[in-house]
2 protein chains.
Amino acid sequence: MFTLSEENYLKAIYHLELGNDGGVSTNAIAEKLATKASSVTDMVKKLSEKEVVLYKKYKGVTLTILGKTVAANVVRKHRLWEVFLVEKLNFSWHEVHEVAEQLEHIKSAKLINQLDRFLGFPTHDPHGDPIPDKDGNLKIVEKSLLSTLSKNESGICIGVDDSSSEFLQFLDKKGITLGKKITILDKEDFDDSLSISIGDKKLSISNKIASNLYIRAHTGQ
Amino acid sequence: MFTLSEENYLKAIYHLELGNDGGVSTNAIAEKLATKASSVTDMVKKLSEKEVVLYKKYKGVTLTILGKTVAANVVRKHRLWEVFLVEKLNFSWHEVHEVAEQLEHIKSAKLINQLDRFLGFPTHDPHGDPIPDKDGNLKIVEKSLLSTLSKNESGICIGVDDSSSEFLQFLDKKGITLGKKITILDKEDFDDSLSISIGDKKLSISNKIASNLYIRAHTGQ
DNA sequence: ATAAATTTTTAGACAAGTCTAAAAATAATA
DNA sequence: TATTATTTTTAGACTTGTCTAAAAATTTAT
């Protein structure tokens with residue numbers, strides 16, 4: 001069994017490994033968890049003894065198979081709870097993270113299995129991130145940034161890159177939500193801003209926004 | 001804000017105060033929390049400084065108004081989560097406690113308010129215990145032990161006294177659940193066992209069982 | 001390739017919460 | 001009311017997870 005703190009370290013390493021393949025540095029973990037490098041070293045030694053990470057002094061850490069499974073399970077719980085909060089309790093995008101950070105540590109296999117069933121076995125959380133299955137595997141969906149589409153192309157909004165509270169609130173305000181079809185009406189050359197249609201509305205968004213929105217290819221009409 | 005441990009102490013004192021009115025003893029708290037008297041003394045001093053309990057050396061403790069509010073709120077969360085687990089996730093009586101012990105410590109006012117609404121503002125948990133409202137007040141329902149009813153009297157099953165896992169599983173097996181109407185068909189003098197009807201079934205139960213089941217007066221037909 | 005900058009680790013300290021063992025206070029009993 | 005017995009508190013120690021400051025290793029740059 002793992003403590004709350006151990007689970008948070010495993011989760012951080014898990015997320016960092018998805019970005020950079022290869023070992024994860026002490027400093028990177030420290031920054032992600034808003035703690036000090038010395039604390040990371042201490043914890044990493046403990047995790048190494050528990051055989052959830054591989055660790056060589058000064059060489060960074062890697063999750064073992066066991067470690068990856070534990071971490072993916074925490075992520076699974078986090079994202080399932082986010083779905084619950086949004087779909088059943090009317091939370092909005094930007095409100096779920098803080099609460100899910102707590103709920104992800106509740107220990108009960110039955111709880112999470114039943115929650116999964118209750119929610120209809122969702123595959124993605126409200127931010128569009130995939131929910132690992134019971135074995136920790138992710139279903140990969142081909143996705144592109146909205147900014148890479150050309151004029152008259154369209155796709156379904158499936159997630160965000162920057163999931164900061166400000167950005168999510170901005171999207172809420174503009175009516176940009178998951179599952180909506182977005183079509184590029186026009187691209188301005190001088191600042192790369194876009195005219196798009198979403199639902200029955202038309203609006204103009206900056207390139208910065210378009211570079212933070214993930215789109216899945218739109219099949220069928 | 002209170003730590004998990006502080007919340008557990010406050011909850012224990014809250015439950016103990018409902019039984020014995022007057023101060024709660026150090027040993028009673030230690031027994032309830034399966035810890036040592038010396039640990040209780042330490043914690044009680046801290047709670048006293050935080051002004052949630054009144055404490056005089058060797059004289060036991062009492063919750064302050066603030067302490068009672070905090071404790072009742074933890075109990076409220078515990079019982080709302082129990083309702084959720086039973087009604088939405090198909091847990092049975094005896095499985096909910098352990099998980100609710102964890103969920104009761106999640107901190108989010110919005111979460112618990114929305115959960116309350118989602119569940120339809122329940123007034124009692126699956127064991128028949130009342131759920132404190134937002135201000136920590138309990139709705140008191142007149143209740144009697146099944147063993148105190150006379151022949152041909154009837155009432156609605158609203159709770160248990162002994163909520164041990166074994167007892168709850170026994171009730172499940174016999175089909176005795178909350179909200180069911182129970183009528184006393186006969187009482188045996190020599191061992192005080194009862195013949196009862198519940199739903200459309202008839203069964204015989206010992207006095208020990210009847211002394212652990214709470215009944216509310218049955219109004220209407 | 002050697003010096004400087006950065007990263008990582010070690011060493012020692014601290015707070016929270018717990019424990020054991022012994023001392024102090026209270027309660028029970030003869 | 002003395003004298004046990006019980007309860008409660010104190011004192012000191014331990015664990016987990018964290019921190020600061022300094023030392024060691026690694027990387028970067030000259």
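Naming convention: chains lettered A, B, ... in sequence-line order (proteins, then strands); numbering from 1 in each chain. Quick note: numbers below take in every heavy atom, side chains included, and nothing from hydrogens, waters or symmetry partners.
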NZ or CZ of Lys208(B) within 45° of Phe167(B) ring axis and under 6.0 Å
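Judged by the rule (NZ or CZ under 6.0 Å from the ring centre, within 45° of its axis), Lys208(B) is not positioned above Phe167(B).
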Is the positively charged end of Lys143(B) above the ring of Tyr214(B), judged by distance under 6.0 angstrom from the centroid and angle within 45° of the axis?
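Cation-pi check for Lys143(B) and Tyr214(B): passes.
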Applying side-chain contact (heavy atoms from CB on, under 4.5 Å), can you list everything that pairs with [X], at least two apart in sequence or on another chain?
X	result
Asp192(B)	Asn207(B)
Ser150(B)	Glu153(B)
Glu95(A)	Phe91(A), Ser92(A), Lys110(B)
Asp189(B)	none

Any residue meeting salt bridge (Lys or Arg N to Asp or Glu O under 4.0 Å) with Glu101(B), in chain and number order, not counting sequence neighbours:
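Per chain and number, Glu101(B) pairs via salt bridge (Lys or Arg N to Asp or Glu O under 4.0 Å) with Lys11(B).
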Just to verify, what does Glu17(A) make a salt bridge (Lys or Arg N to Asp or Glu O under 4.0 Å) with, not counting sequence neighbours?
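So Glu17(A) forms no salt bridge (Lys or Arg N to Asp or Glu O under 4.0 Å) with any residue.
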For Ser5(B), which contact category applies under a 4.0 Å heavy-atom criterion: base, sugar-phosphate, or nothing?
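It contacts sugar-phosphate atoms only.
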Check every strand shown and say whether Thr41(A) touches a base, only sugar-phosphate, or nothing at a heavy-atom separation below 4.0 Å.
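Thr41(A): base contact, heavy atoms under 4.0 Å.
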OP1 or OP2 of [N] sitting under 4.0 Å from any side-chain N/O of [X]?
X	N	value
Ser25(B)	dT7(D)	no
Asn27(A)	dT8(C)	yes
Tyr55(A)	dT8(C)	no

Is it the case that the side chain of Lys187(B) and the backbone of Ser147(B) share a donor-acceptor pair, with hydrogens and angles ignored and the cut-off at 3.5 Å?
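Yes: the side chain of Lys187(B) pairs with the backbone of Ser147(B).
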Rounded interatomic separation in angstrom, taking [atom1] from [X] and [atom2] from [N]:
X	N	atom1	atom2	answer
Lys45(A)	dT15(D)	NZ	P	17 Å
Met43(A)	dT8(C)	CE	P	18 Å
Leu4(B)	dT18(C)	CG	C1'	14 Å
Asp42(A)	dC19(D)	CG	P	10 Å
Glu31(B)	dT6(D)	CD	P	15 Å
Tyr9(B)	dA16(C)	OH	P	15 Å

Let me have the donor-acceptor pairs involving side chains of residues 31-44 of chain B, under 3.5 Å, with sequence neighbours excluded, atom names and distances please.
from	atom 1	to	atom 2	distance (Å)
Thr41(B)	OG1	Ala37(B)	O	3.2

Going by atom type alone, with no hydrogens or angles, which donor-acceptor pairs under 3.5 Å involve a side-chain atom of residues 54-79 of chain A and a protein atom two or more places apart or on another chain?
from	atom 1	to	atom 2	distance (Å)
Thr64(A)	OG1	Glu51(A)	O	3.0
Thr64(A)	OG1	Val52(A)	O	3.2
Thr64(A)	OG1	Leu66(A)	N	3.4
Thr64(A)	OG1	Gly67(A)	N	3.0
Thr69(A)	OG1	Ile65(A)	O	2.9
Arg76(A)	NH1	Pro132(A)	O	3.0
Arg76(A)	NH2	Asp116(A)	OD2	3.1
Lys77(A)	NZ	Glu104(A)	O	3.3
Lys77(A)	NZ	Ile106(A)	O	3.0
His78(A)	ND1	Glu104(A)	OE1	2.8
His78(A)	NE2	Glu82(A)	OE2	2.9
His78(A)	NE2	His97(A)	ND1	3.4
Arg79(A)	NH1	Pro130(A)	O	2.7

All N/O pairs under 3.5 Å across the protein-nucleotides 22-29 of chain C interface:
from	atom 1	to	atom 2	distance (Å)
dA25(C)	O4'	Tyr58(B)	OH	3.4

Residues that Phe84(A) engages under ring-ring contact (aromatic ring centres under 6.0 Å, His included), provided they are two or more places apart
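For Phe84(A) the ring-ring contact (aromatic ring centres under 6.0 Å, His included) partners, ignoring immediate neighbours, are Trp81(A), Phe84(B).
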Of residues 32-40 of chain A, the positions that come close to DNA chain D - non-hydrogen atoms, cut-off under 4.0 Å
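Residues of residues 32-40 of chain A that come under 4.0 Å of DNA chain D are, in numerical order, Thr35(A), Lys36(A), Ser38(A), Ser39(A).
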Return the polar atom pairs (N/O with N/O) between nucleotides 1-4 of chain C and the protein under 3.5 Å, or none.
none

Reading DNA chain D from 5' onward, which residue's closest nucleotide shows up sooner: Ala28(B) or Thr3(A)?
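Final value for this comparison: Ala28(B).
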